[in-house]
Amino acid sequence: MRIDVVSLFPDFIDQAAAVGVVGRARERGLLTMQGWNPRDYADGNYRRVDDRPFGGGPGMVMLIEPLRAALAAARAADPAPVRVIYMSPQGRPLTQAKVRELAALPRLVLLCGRYEGVDERLLQTEIDEELSIGDYVLSGGELAAAVVVDAVARLQDGALGDAESAVQDSFEGDGLLDCPHYTRPVEHEMGRVPDVLLSGNHAEIAKWRRQQSLVRTLERRPDLIDEGALGKADRRLLAAWRAGQGG
Ligand SMILES: Nc1nonc1C(=O)N[C@@H]1CC[C@H](O)C1
C-alpha cells in the first residue's frame, strides 16, 4: 500500500511512522510513504501557503493553488487509483470499519490542514472524503493523518507477527472492546492473574475473554453493543457474569 501525505510538516508524519509496527511494515515494503509540502509549490518570495479569510474572523486559511499543485504531484507519483482524504473535525468519524476499508485500497493521499483550515473550493474539487479522529480541534491535521497511517498499516498482511492479534484487538471483527491482558508475574502486590488464564484450557480461556469483552463493552461503551442482537452463547456468558455479580 502507498500513502502520500500533503502537509506543511511532512517530516512529522515520517517520524511518527518510523517506529514499531508501522516502521517494520515500511521496512518490509508492505507500506510506502511520501510527503509533499505545499510550500514547495507556492509562488513568490514568501512562498505563501495561507491568507486571511474573506468575511473576516480570526486565523488564516490555506490557499488553493499550493495545495492543488502538491496534490497533483502526489497523484502523479504512482499510477494506482487513489482516494484523497482531508483530515478535519468536519469529517465523518474514523472507525475501525473505515480503517479496514482504507487498508484494502492500493493508495491513499492524506491532506493535512493547518490554521483555520483549507479553502472550501479546493475541498469540493479535490477531496473524496473528510475524516475526523475525534470531536476536538488540533493545531494541524498531521496527528490525525498519523493515526490513519498507523491504524491502516497494522492491517497490512504480514505487518503483525501474529495475525491473530489484529483480530483480537478492540473493534476488530465484531466491534467489542478488547478483553484485559496479563503477563508475568502471576502474583504481584497489585493482584493475581485470573486463574482461568493459567489453566491451559483454551476453550475456557476463550469464553472468559469473550465474557470480559462483552461486559467491558456494556459497561464502558453501551453505544457499541445491541444486547438484543447478541447470539445465544453471548447472552449465556452475560447471564453467567451477572449471576456471579449477584445480578
Ligand atoms: N479532530 C480532527 N480530526 O482530523 N483533523 C482534526 C483537526 O482537528 N484538524 C485541525 C482543525 C484545523 C486545523 O487545520 C487542523
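Because the structure is a prediction, the values reported are computed rather than measured. We count ligands from 1, going down the list as the structure has it; atoms in each ligand are counted the same way.
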Completion exercise
At a 4.0 angstrom heavy-atom cut-off, ligand 1 is contacted by M87, S88, P89, G113, R114, Y115, G117, L131, S132, I133, G134, Y136, V137, L138, G140, G141, A144
Which atom pairs, donor and acceptor, lie under 3.5 Å between side-chain atoms of residues 9-20 and protein residues at least two apart or in another chain?
residue, atom, partner, partner atom, Å
D14, OD1, R26, NH1, 3.4
D14, OD1, R26, NH2, 2.6

Exercise for the section: Please report the C-alpha distance between M62 and E116 in whole Å, then the side-chain angles of each, then the deciding distance to 0.1 Å, and finally whether the side-chain contact (heavy atoms from CB on, under 4.5 Å) criterion is met. Expected result: CA-CA 8 Å; M62 294 185 82; E116 294 306 303; over 6 Å; no
Fill in the blank from the handout: Taken in chain and number order and not counting sequence neighbours, the residues that satisfy side chain to side chain contact (heavy atoms under 4.5 Å, CB included) with P53 are V61
Exercise for the section: Determine whether the side chains of Q156 and R28 contain a donor N or O and an acceptor N or O closer than 3.5 Å. Expected result: no
Side-chain donor/acceptor pairs under 3.5 Å, residues 138-150, sequence neighbours excluded:
residue, atom, partner, partner atom, Å
E142, OE1, R114, NE, 2.9
E142, OE1, R114, NH2, 2.9
E142, OE2, S7, OG, 2.6

Practice task
Taking only Lys NZ, Arg NE, NH1 and NH2, and the carboxylate oxygens of Asp or Glu, determine whether D4 and R75 approach each other closer than 4.0 Å.
Solution key: no
